[in-house]
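Here is the structure we will look at.
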Amino acid sequence: MNTKPQVNVVWLKRDLRLHDNEAIFNALKTGRQVLLLYSFEPILMDDAHYSERHWNFIKESLVDLNAELKQYNSKVLIVQSDIIAAINHLQSHFRISDIYSHQETGILVTYERDKNFKRFCKNNLINWHENINNGVIRGLKDREGWNEKVDAFYAIDPLPFQPRQDQLVPIEVINEIEQNLNIPSLSTPEFTAFQKGGRSTGKKYLKSFFSERYPNYMQHISKPELARTSCSRISPYIAWGNLSVREVYHEAYHLKETSKHKKALEAFMSRLRWQTHFIQKFEMEHTMEEASVNKGFHRLKKSISKKYQVAWKTGNTGYPLVDACMRCLNETGYLNFRMRALVVSFFTHNLWQPWQEATTHLSQMFLDFEPGIHFPQLQMQAGETGINMLRIYNPVKNSLEHDPEASFIKKWVPELYKLDTPFAHQPYLMTALEQQFYNFKLGRDYPNPIVDLDTTRKKAGDALWKLRKDKTVLEESKRILKKHTLRNKLQNT
DNA sequence: CCCAGCTTTAT
DNA sequence: TAAAGCTGG
């Protein structure tokens with residue numbers, strides 16, 4: 001006779017929150033007792049896309065979650081093992097017939113893991129309930145009716161977290177279970193330059209954005225320094241599910257009714273929608289992680305230069321804005337959208353390196369790494385979708401425009417601090433005499449430019465535009481437009 | 001990804 | 001002068 005208590009397990013993945021969490025909501029709705037589970041899985045911890053900063057962010061999120069759960073006399077069971085082993089172990093304590101989690105639009109590693117898990121659930125007579133996340137819909141053939149579906153998703157009020165008395169597995173029971181499991185330490189460095197993980201911190205960013213920072217959203221969005229305060233900075237909290245896109249959208253919507261800066265809020269909301277679009281694209285085209293979505297670009301062969309790649313990663317290309325961006329990203333985990341585009345443009349066009357060589361460094365550095373945005377954006381910026389305008393950014397033009405006083409540059413490339421502004425933008429223009437005057441030697445104190453901007457720009461542009469006339473590229477462009485957009489106009493057909 | 005608004009190019 | 005290309009947001 002089976003006397004084990006029955007629980008619904010909620011498997012937390014990249015949705016580290018209680019509020020507006022459909023998996024938790026559905027698990028509670030059944031009336032059964034609910035156990036929240038997070039597992040640090042070796043296959044992910046060892047994966048090259050992730051880095052220490054992500055694991056720390058997750059740990060901080062879990063600590064925050066547990067603080068919130070204290071009032072319910074519960075906590076998340078946090079283990080360090082693969083998910084199947086974790087569930088297997090839990091089955092010695094509970095009868096588990098239902099597991100709840102969100103549909104994850106992840107990388108190949110999580111996709112494979114989920115397929116295995118599905119098989120495991122089937123063999124163990126467990127119902128695995130996966131809910132829609134971020135409005136992204138699984139199994140679509142094209143975008144027919146997609147906007148309406150997303151509208152419907154956003155229209156629903158965020159789901160409340162309302163367990164009845166003692167509905168969550170109590171702390172004492174979880175402590176007992178932990179005795180026989182591999183429990184990771186949740187301690188994280190106290191002082192870092194990274195945004196701190198956790199819903200309560202995410203809420204603080206949201207509050208300060210909506211109460212004071214958002215009016216300059218549009219004017220500052222492309223400026224490397226000003227964007228850091230005029231943009232919301234909630235991306236890591238969205239990426240790791242501390243905040244739901246829907247609740248943010250709703251807050252913006254309500255604020256708009258009384259706001260004097262409606263345009264700024266509209267722009268912000270529009271970008272929230274684009275976030276959903278890109279994740280949807282990746283959901284429907286998961287091979288994008290490794291190869292260009294436009295198969296015509298598979299034959300684009302670029303020669304790999306480790307020397308260029310190291311210079312780029314460490315911020316030693318000799319182009320101050322590129323270097324400042326890369327060093328700032330490495331230190332803080334954040335860069336505004338335009339500057340991300342610029343460093344990818346420099347890597348793929350000026351250094352003429354395959355975008356695949358940039359993926360893991362960037363995903364490790366972006367605290368807000370979101371697979372569904374990462375790969376589509378990388379490919380688009382590399383000019384390998386066939387359906388978008390090429391964008392080859394000029395780092396000098398951008399620094400003069402967006403960092404006119406070179407303050408961002410001087411902050412992150414201190415070698416250039418003592419130079420006057422024009423030379424901080426273009427140190428390679430200094431004559432020998434001027435270098436002597438500033439006690440600054442190019443090639444010693446700061447690198448010479450590793451490539452020439454004009455020639456590399458032209459070479460990349462010519463090669464990519466030529467390929468765009470290729471038959472396969474054109475066919476693929478048609479296919480991509482048909483599958484991922486509602487637009488019908490086709491170029492060059 | 002789209003859109004607006006502008007500039008350049010092709011015929 | 002319409003279409004295509006470019007740029008900022």
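Every value quoted in this text rests on a predicted model; they were computed, and no experiment measured them. Just so it is clear: chains get the letters A, B, ... in the order the sequence lines come, proteins before strands, and each one is counted from 1. Quick note: numbers below take in every heavy atom, side chains included, and nothing from hydrogens, waters or symmetry partners.
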Pairing of A/Asp462 and A/Lys458 as salt bridge, 4.0 angstrom limit: yes
Ring centres under 6.0 angstrom apart ([X], [Y]):
X	Y	answer
A/Tyr428	A/Tyr319	yes
A/Tyr446	A/Phe423	no
A/Trp11	A/Phe117	yes

Using a 4.0 Å heavy-atom cut-off across all strands, classify [X] as base, sugar-phosphate, or nothing.
X	result
A/Gln379	nothing
A/Lys397	sugar-phosphate
A/Met218	sugar-phosphate

Whole angstrom value for the distance that separates [atom2] of [N] from [atom1] of [X]:
X	N	atom1	atom2	value
A/Leu390	C/dT7	CG	C1'	13 Å
A/Arg338	C/dT7	CZ	P	10 Å
A/Asn398	C/dG9	CG	C1'	13 Å
A/His402	C/dG8	NE2	C1'	7 Å
A/His349	C/dC6	NE2	C1'	14 Å
A/Met380	C/dG9	CE	P	18 Å
A/Met339	C/dG9	CE	C1'	12 Å
A/Lys469	C/dA4	NZ	P	12 Å

A/Arg199 vs A/His19, side chain to side chain contact (heavy atoms under 4.5 Å, CB included): CA-CA, chis, key distance, verdict: CA-CA 10 Å; A/Arg199 179 174 173 82; A/His19 179 73; 3.4 Å; yes
Let me see the working for A/Phe57 and A/Asn242 under side chain to side chain contact (heavy atoms under 4.5 Å, CB included), right down to the final yes or no. CA-CA 10 Å; A/Phe57 190 93; A/Asn242 291 167; 3.4 Å; yes
Would you indicate which nucleotide in C/dG5, C/dG9, C/dT7 comes nearest to any side-chain atom of A/Arg457?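 The answer is C/dT7.
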Can you tell me which nucleotide in C/dC6, C/dG9, C/dG8 comes closest to the side chain of A/Trp465? C/dC6
Among A/Pro414, A/Pro320, A/Cys325, which residue satisfies the side-chain contact (heavy atoms from CB on, under 4.5 Å) criterion with A/Ile409? A/Pro320
Taking A/Phe268 as the fixed residue, which of A/Tyr214, A/Phe209, A/Tyr249 is the one that meets the side-chain contact (heavy atoms from CB on, under 4.5 Å) rule?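 Exactly one option meets the side-chain contact (heavy atoms from CB on, under 4.5 Å) with A/Phe268, and it is A/Phe209.
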Please list, in numerical order, the residues of residues 351-359 of chain A that have a heavy atom closer than 4.0 Å to any atom of DNA chain B.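 Those residues whose heavy atoms fall under 4.0 Å from DNA chain B, taken from residues 351-359 of chain A, amount to none.
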Positive for salt bridge (Lys or Arg N to Asp or Glu O under 4.0 Å) with A/Glu104, one of A/Arg138, A/Lys13, A/Lys115: A/Lys13
Within residues 219-227 of chain A, find the residues that approach DNA chain C with a heavy atom at under 4.0 Å, and present them sorted by residue number.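 Residues of residues 219-227 of chain A under 4.0 Å from DNA chain C: A/Ile221, A/Ser222.
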Which residue in the set A/Trp312, A/Trp352, A/Trp355 passes ring-ring contact (aromatic ring centres under 6.0 Å, His included) when paired with A/Phe347? A/Trp312
Do A/Asp20 and A/Leu243 make a side-chain contact, defined as non-hydrogen atoms from C-beta onward lying under 4.5 Å apart? no
Could you tell me which non-hydrogen atom of A/Pro395 sits nearest to which non-hydrogen atom of A/Leu321, and how far apart they are?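 Heavy atoms only, the tightest pair is O-CD2, 3.7 Å.
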Sub-3.5 Å pairs of nitrogen or oxygen atoms, protein against nucleotides 2-5 of chain B:
| residue | atom | partner | partner atom | Å |
| --- | --- | --- | --- | --- |
| B/dC2 | OP1 | A/Arg487 | NE | 2.9 |
| B/dC2 | OP2 | A/Arg487 | NE | 3.1 |
| B/dC2 | OP2 | A/Arg487 | NH2 | 2.6 |

